[in-house]
Amino acid sequence: MVAANVLGSIAKGSAEHAHTSAWIVSVLRKRISEGKLTPGSKLSEQALSEALGVSRNTLREAFAILSNESIITRIPNRGVFVARPSVEDIREIYRVRRMLEPAAILWASPTPAQIKHLHEIIASARTARDAGASGSMATANQRLHQELVAMCGSPTLDTVMEQVLAQMRLVFHAMAETPDFHAQFVERNAALVQDIVDGKREEAAASLREYLVDAEAVLLEHVAAE
């Protein structure tokens, strides 16, 4: 069942567009991408509707969208649960990422503030790696790839990436006891950022595609072995 403190943080995050299904979808995606809602967590309609201050009908509309995105799943006579990504889900996630992220690197024009943010994320990833903090490494990785797409300045692409990041966090939970999975990509992320800073866009895009192929292969092998 969804923890009360998670619901409380959602309620405090209410904004101008609260009480709409699109807002609820965005909030739940964000909580999942942050690792606050984990695979298999049951989403209680009553608890969520009360915490968010929305009707159950509005909540069900949001659930329908998230179900189509493979972020939640409905089990007859049991309820709604945060999804556990399948092998095919992982393949689809990486198909999208290989198209979206390298293109962002090739064509976006990062601002100095965005470059500074990328460097800060790398620093936090290295700190997490040195501490053996798998969850923090996963969070830094999520933030980095979100920032790469944000460089495009497109709200539509940001929404697509928000969906992808929520799905990715669910995949990362399968690697929670395998800190080396995230550690191996910290310096690759650092090299990627440096290529972007140096204006080596084509090299950076090619490196990222290779990186994503490698990450997908490791994840698929791990999931298949479970």
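Since this is a predicted model, take the numbers as computed values, not measurements. Note that the numbering runs from 1 along the sequence shown for the chain.
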(message) Filter on salt bridge (charged side-chain N to carboxylate O under 4.0 Å, His left out), then keep only pairs touching residues 108-136, sequence neighbours left out; what's left?
(response) Lys116-Glu120, Arg126-Glu187, Arg129-Glu187

(request) Can you sort out the partners of Tyr94 under ring pair (Phe, Tyr, Trp, His ring centres under 6.0 Å), two or more places apart, ordered by chain and number? (result) none

(request) Indicate, with yes or no, if Val160 and Leu165 share a hydrophobic cluster defined by side-chain heavy-atom contacts under 4.5 Å among Ile, Leu, Val, Met, Phe, Trp and Tyr. (result) yes

(request) Among Arg169, Glu34, His182, find the one that has a side-chain hydrogen bond (donor to acceptor under 3.5 Å, both in side chains) with Thr139. (result) Arg169

Check: residues 143-152 side-chain donor-acceptor pairs under 3.5 Å, at least two apart:
{"residue": "Arg143", "atom": "NH2", "partner": "His117", "partner atom": "NE2", "Å": "3.4"}
{"residue": "His145", "atom": "ND1", "partner": "Arg97", "partner atom": "NH2", "Å": "3.3"}
{"residue": "His145", "atom": "ND1", "partner": "Glu101", "partner atom": "OE1", "Å": "2.5"}
{"residue": "His145", "atom": "NE2", "partner": "Asn141", "partner atom": "OD1", "Å": "3.3"}
{"residue": "His145", "atom": "NE2", "partner": "Tyr211", "partner atom": "OH", "Å": "3.1"}
{"residue": "Glu147", "atom": "OE1", "partner": "His117", "partner atom": "ND1", "Å": "3.0"}

(message) In the structure I gave you, are the side-chain heavy atoms of Thr20 and Thr58 within less than 4.5 Å of one another anywhere?
(response) no

(message) Apply the hydrophobic cluster definition, ILVMFWY joined by side-chain contacts under 4.5 Å directly or through others, and give me every member besides Trp107.
(response) Leu106

(request) Please round to the nearest 0.5 Å and tell me the distance separating atom CG of Asp214 and atom CD of Gln184. (result) 8.0 Å

(request) List for me each residue that meets salt bridge (Lys or Arg N to Asp or Glu O under 4.0 Å) alongside Lys200, sequence neighbours excluded, and say none if there are none. (result) none

(message) Let me check something: do Leu219 and Val87 share a hydrophobic cluster, defined by ILVMFWY side-chain heavy atoms less than 4.5 Å apart, either directly or through other members?
(response) yes

(request) Kindly write out the residues that satisfy salt bridge (Lys or Arg N to Asp or Glu O under 4.0 Å) with Arg209, not counting sequence neighbours, or none if the list is empty. (result) none

(message) Do Met168 and Leu220 sit in one hydrophobic cluster, given that two such residues count as connected whenever their side-chain heavy atoms are within less than 4.5 Å of each other, even indirectly?
(response) yes

(message) Please find the pair of heavy atoms, one from Ser109 and one from Gln114, that lie closest to each other, and give the distance.
(response) O-OE1, 4.2 Å

(message) So does Ala22 get a backbone contact from the side chain of Ser26, meaning a donor-acceptor N/O pair under 3.5 Å?
(response) no

(message) Check for me, please, whether Phe172 and Val96 land in the same ILVMFWY cluster - side-chain distances under 4.5 Å, paths through other members count.
(response) yes

Sequence neighbours left out, cut at 3.5 Å: what donor-acceptor pairs do the side chains of residues 191-198 make with other protein atoms?
{"residue": "Gln194", "atom": "NE2", "partner": "Asp198", "partner atom": "OD1", "Å": "3.0"}
{"residue": "Gln194", "atom": "NE2", "partner": "Asp198", "partner atom": "OD2", "Å": "3.4"}

(request) Any chance you could pull the hydrophobic cluster mates of Met99, using side-chain heavy atoms under 4.5 angstrom and chaining through other members? (result) none

Would you tabulate the side-chain donor-acceptor contacts of residues 69-77 under 3.5 Å, counting partners in other chains and residues two or more places apart, or write 'none'?
{"residue": "Glu69", "atom": "OE1", "partner": "Arg29", "partner atom": "NE", "Å": "2.9"}
{"residue": "Glu69", "atom": "OE2", "partner": "Arg29", "partner atom": "NH2", "Å": "2.7"}

(message) Ser136: which residues meet the side chain to side chain contact (heavy atoms under 4.5 Å, CB included) condition with it, sequence neighbours left out?
(response) Ala128, Ala133

(message) For a quick test of reading the model, state the closest non-hydrogen atom pair linking Ile24 to Ala62 and the distance between them.
(response) CG2-CB, 3.6 Å

(message) Whether the side chain of Thr127 engages the backbone of Ala123 through a donor-acceptor N/O pair (distance < 3.5 Å, no angle test) should be reported.
(response) yes

(message) Rounded to the nearest 0.5 Å, what separates atom CD1 in Ile105 from atom CD in Glu203?
(response) 11.5 Å

(request) Mark yes or no for whether Arg201, through its side chain, and Ala108, through its backbone, hold a donor-acceptor pair below 3.5 Å. (result) yes

(message) Side-chain heavy atoms nearer than 4.5 Å, only ILVMFWY residues, links allowed to pass through others: does that put Val27 and Phe81 together?
(response) no

(message) Can you give me the closest heavy-atom contact between Thr38 and Gly35, atom names plus distance?
(response) CG2-O, 3.9 Å

(message) Does either side chain, that of Arg60 or that of Ser55, offer a donor lying less than 3.5 Å from an acceptor on the other one?
(response) no

(request) For Arg95, check salt bridge (Lys or Arg N to Asp or Glu O under 4.0 Å) against everything at least two apart and list the hits. (result) Glu88, Glu92

(request) Please name all residues satisfying salt bridge (Lys or Arg N to Asp or Glu O under 4.0 Å) with Asp158, sequence neighbours left out, ordered by chain then number. (result) none

(request) Starting at CG of Leu66, measure out to CD1 of Ile32 and round the result to the nearest 0.5 Å. (result) 6.5 Å

(request) Would you indicate whether Glu45, at its atom CD, is surrounded by more than 12 heavy atoms from other residues, nucleotides or ligands within a distance under 6.0 Å? (result) yes

(request) Output the distance between atom CG (Asn68) and atom CZ (Phe63), rounded to the nearest 0.5 Å. (result) 13.5 Å

(request) Can you measure from CG (Asn57) to OG (Ser21) and round to the nearest 0.5 angstrom? (result) 11.0 Å

(message) Measuring from atom CE of Met137 to atom CZ of Phe185, what distance do you get when rounded to the nearest 0.5 angstrom?
(response) 11.5 Å

(request) Please report the closest heavy-atom contact between Gln167 and Pro85, naming both atoms and the distance. (result) O-CG, 4.1 Å

